K.L.:
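Dropping the structure in here first, questions after.
In this chain, numbering begins with 1 at the start of the sequence shown. Just so it is clear, the structure is predicted and the values come from calculations on it, not from any experiment.
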Amino acid sequence: MSTDAITLEFKLLPCLLSSAAHCVRLSAPDVVAEEGGEIDPEYGQATADIAQKSGEQSRTMNGQRTHHGLIVRGNTFLLSLAGVLPLLSIVSSQGLPDPAALAQMGIEWETSQHASPNSTFYTVPQNFSRDLAPGMLLAVEQATNLSSYLVPSSLTLSRIMYTTTNLNGTIQPASAYVLWPYAPAPWFASSSNSSSSPSFPLVAWAHGTSGLFATCAPSNYKALMYHYFIPFALAKQGIAVVAPDYAGLGVSKTPDGTHIPHEYSASPAQANDLANAVIAARAAFPSYLPSTGPFAVVGHSQGGGVAWAYAQRQLEDPLPGYRGTVAFAPGVQVVEMITKAWNGGVGPIQTDTLLGVQRLISAGITAVYPSFNFTGVTAVGYDRWSILAKVQGCMPTSGLAFAGLENRDTVTPDFTNDSTTLEFAQRTKVGGKPFKGPLLVLAAEDDVSLQREVLESIVDETCEVLEAGNSTESLEYALYEGVNHFPLISASQAEWMDWLKERLSGEAGSKKKRDCDASKARCTKRRVKGFRTDVSVQFPLPNFLVTKAEAVWQYGL
């Protein structure tokens with residue numbers, strides 16, 4: 001092989017697990033990449049100069065090794081922070097990546113991360129009817145076979161299918177998993193606990209953006225998508241976890257073949273999915289999850305907005321046993337954030353991320369209002385969307401389908417002024433409304449996925465509403481310094497885990513003073529200073545679990 005010096009440039013776009021495309025630009029068709037690269041602090045670009053000599057892979061790197069280390073050999077996968085960016089010998093005649101070929105490789109990798117690629121569990125039984133009440137059980141998998149999962153030893157899993165309601169109130173089937181601890185937490189006292197029939201404290205977990213299609217259900221990912229960030233961490237502390245996939249993910253059609261779209265960013269609809277998952281799980285396992293047993297709600301990113309929406313829902317349609325909500329980096333009033341991005345009100349990285357989110361929200365609005373038909377997405381953006389839809393790709397593959405494009409090229413600014421967009425934003429508004437607390441909102445100072453100033457203004461607006469309405473609820477906002485979108489979860493674990501244990505055990509009043517005055521609304525804002533944040537590893541996206549160590553690392557969702 002002749003010697004060729006080639007440059008691999010990739011944007012490490014800081015998006016929600018959620019959102020913006022991961023642009024890949026190749027300057028040559030035959031790529032072999034090395035670990036590391038020099039990170040441009042202004043835009044997060046990494047470059048690697050690679051020399052290829054007679055089949056040997058000698059490497060010359062510009063700058064120091066970084067935590068963004070990636071490896072590609074031959075026609076294997078480049079594993080990005082978002083999951084996977086296969087950099088293959090797949091280029092068009094113009095020298096750009098062929099998005100259809102890249103998307104196909106991406107979905108093949110995603111499929112390898114599914115516990116059961118052809119699972120029949122998500123097939124809706126014939127007894128489904130839109131006349132059923134929400135929260136009704138349709139199917140129960142008592143003990144999921146974990147031989148193909150990456151669930152820690154001693155934990156067990158169940159899956160359920162149940163009825164829920166979308167934003168328009170239509171009954172839909174949906175799926176969820178229940179992750180079971182080895183035993184109830186020692187601090188959890190229950191009169192029904194016994195060696196034969198223990199009961200558990202419960203967390204209803206709302207995941208961040210996984211994608212828009214049936215293939216994007218966390219319950220079918222080997223590591224349940226958020227693995228040790230949330231579900232494994234909770235279960236290993238003796239807390240059961242019920243986690244909806246959200247309607248349209250996992251279960252994608254009714255018995256008569258009617259498609260079930262995912263109403264992305266319709267947080268009140270996903271809050272319905274969360275509430276109905278709790279109802280259905282309690283019905284499926286009444287001995288382990290009593291109908292009045294304690295539960296709390298936790299969510300991150302898209303799921304953070306869902307969790308906050310649930311706190312609003314609990315005020316109007318309460319479930320017994322509710323003890324409070326934790327919202328990490330919540331995606332609330334995102335259309336407002338996108339408007340600021342178009343108007344130059346945020347930095348270049350956040351702008352690129354939010355314009356990628358616009359595509360997702362356009363799909364979510366179309367799911368609620370079919371005549372909207374992807375308004376705000378350009379022709380080239382829709383062409384790439386069609387590629388993604390054809391393979392049913394989730395977030396890792398989304399970056400490949402949009403490879404070679406700037407997010408700005410795929411969307412239009414008129415989206416934020418469209419009457420249907422504004423109606424959708426108003427119907428799905430989270431924040432600035434009364435809620436049932438306590439509510440703990442955790443934010444990341446260096447979050448490149450959300451506009452923190454907008455989030456803080458929503459917190460302030462919500463506090464004003466509480467005070468004006470003589471509410472007795474509490475809202476606590478904590479800003480963690482020096483961390484990004486996903487590291488926020490780990491950085492704050494000591495706080496949120498303690499917070500949940502206190503409330504699920506009923507000891508919050510005796511251990512903490514934050515809720516001491518129950519006669520009026522309590523809104524507090526504070527900063528948490530980290531230790532050695534200047535040298536800590538910060539990923540805008542998850543650093544996925546390693547599932548196989550060979551010449552090329554493979555990572556689990």
Side-chain angles (χ1 to χ4, degrees), residues 8-25 36-48 63 66-70 80-83 85 208-209 265 300-302 304 328-361 381 395-396 398-400 402-413 415-416 443-457 479-489 491 533-534 536-543:
L8 162 64
E9 178 189 80
F10 56 94
K11 291 182 182 177
L12 297 173
L13 290 184
C15 52
L16 308 168
L17 176 63
S18 88
S19 50
H22 308 280
C23 300
V24 182
R25 294 172 180 168
E38 181 175 286
I39 304 301
D40 182 339
E42 291 295 320
Y43 201 61
Q45 291 184 339
T47 60
T66 76
H67 61 268
H68 297 281
L70 304 169
S80 79
L81 304 181
L85 293 178
T209 307
S265 198
H300 174 252
S301 195
Q302 178 196 7
F328 299 97
V332 292
Q333 300 184 31
V334 181
V335 171
E336 180 180 344
M337 297 184 188
I338 293 171
T339 301
K340 288 197 68 173
W342 279 115
N343 293 336
V346 301
I349 295 178
Q350 287 180 326
T351 293
D352 198 63
T353 297
L354 290 167
L355 297 188
V357 174
Q358 180 175 319
R359 292 195 305 267
L360 292 168
I361 296 182
M395 293 321 299
S398 175
L400 305 178
F402 287 89
L405 295 176
E406 297 286 344
N407 282 334
R408 187 179 293 273
D409 298 330
T410 68
V411 290
T412 61
F415 167 84
T416 58
E445 181 184 43
D446 297 339
D447 197 328
V448 293
S449 300
L450 296 174
Q451 225 290 311
R452 179 164 56 84
E453 288 75 14
V454 172
L455 175 59
E456 290 180 347
S457 70
L479 177 66
Y480 276 71
E481 298 181 357
V483 295
N484 212 316
H485 193 63
F486 272 87
L488 168 67
I489 302 173
T533 55
D534 57 327
S536 66
V537 175
Q538 291 296 310
F539 292 94
L541 297 166
N543 47 329

K.L.:
Drop me the distance from Tyr480's OH to Asp446's CG, to the nearest 0.5 angstrom.
P.N.:
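Rounded to the nearest 0.5 Å, the OH-CG separation comes out at 15.0 Å.
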K.L.:
Begin with the C-alpha distance, continue with both residues' side-chain angles, and end with the deciding distance and a verdict on side-chain contact (heavy atoms from CB on, under 4.5 Å) for His300 and Ile489.
P.N.:
CA-CA 8 Å; His300 174 252; Ile489 302 173; 3.7 Å; yes
K.L.:
Minimum heavy-atom separation for Leu455 to Ala443, with atom names?
P.N.:
CD2-CB, 4.0 Å
K.L.:
With no hydrogens and no angle check, is any side-chain donor or acceptor of Ser457 less than 3.5 Å from a backbone partner on Val454?
P.N.:
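Yes, because the side chain of Ser457 sits within donor-acceptor range (under 3.5 Å) of the backbone of Val454.
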K.L.:
Tell me if a side-chain donor or acceptor on Gln358 pairs with a main-chain N or O of Thr412 at a distance below 3.5 Å.
P.N.:
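Yes; judged by distance alone, with no hydrogens or angles, the pair exists.
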K.L.:
If you take all heavy atoms of Ser265 and Gln302, which pair is closest and at what distance?
P.N.:
N-NE2, 4.1 Å
K.L.:
Are Thr209 and Met395 side-chain neighbours, meaning at least one heavy-atom pair lies under 4.5 Å?
P.N.:
yes
K.L.:
What heavy-atom pair brings Gly482 and Glu445 nearest, and what distance separates the two atoms?
P.N.:
N-OE1, 2.8 Å
K.L.:
Give the intermediate values and the outcome of side-chain contact (heavy atoms from CB on, under 4.5 Å) for residues Trp342 and Leu355.
P.N.:
CA-CA 8 Å; Trp342 279 115; Leu355 297 188; 3.4 Å; yes
K.L.:
Contact between Val448 and His485 at the side-chain level, heavy atoms closer than 4.5 Å - yes or no?
P.N.:
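No, every pair of side-chain atoms sits at 4.5 Å or beyond.
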K.L.:
For a quick test of reading the model, state the closest non-hydrogen atom pair linking Arg359 to Val411 and the distance between them.
P.N.:
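So the minimum-distance heavy-atom pair works out to CG-CG1, 3.5 Å.
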K.L.:
Which pair of non-hydrogen atoms, one from Gln350 and one from Leu450, has the smallest distance, and what is that distance?
P.N.:
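Taking Gln350 first and Leu450 second, the nearest heavy atoms are NE2-O, 2.7 Å.
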K.L.:
Heavy-atom distance under 4.5 Å between the side chains of Arg452 and Leu479, does that happen here?
P.N.:
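Counting from C-beta outward, Arg452 and Leu479 do come under 4.5 Å.
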K.L.:
How many angstroms lie between CD1 in Ile338 and CG in Asn343, if you round to the nearest 0.5 Å?
P.N.:
12.0 Å
K.L.:
Considering all heavy atoms of both residues, which atom of Asn484 and which atom of Asp447 are nearest to each other, and what is their separation?
P.N.:
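Shortest heavy-atom contact: OD1-CA, 3.7 Å.
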K.L.:
Report the C-alpha distance between Lys340 and Leu354 in whole Å, list the side-chain angles of each, state the deciding distance to 0.1 Å, and finish with yes or no for side-chain contact (heavy atoms from CB on, under 4.5 Å).
P.N.:
CA-CA 9 Å; Lys340 288 197 68 173; Leu354 290 167; over 6 Å; no
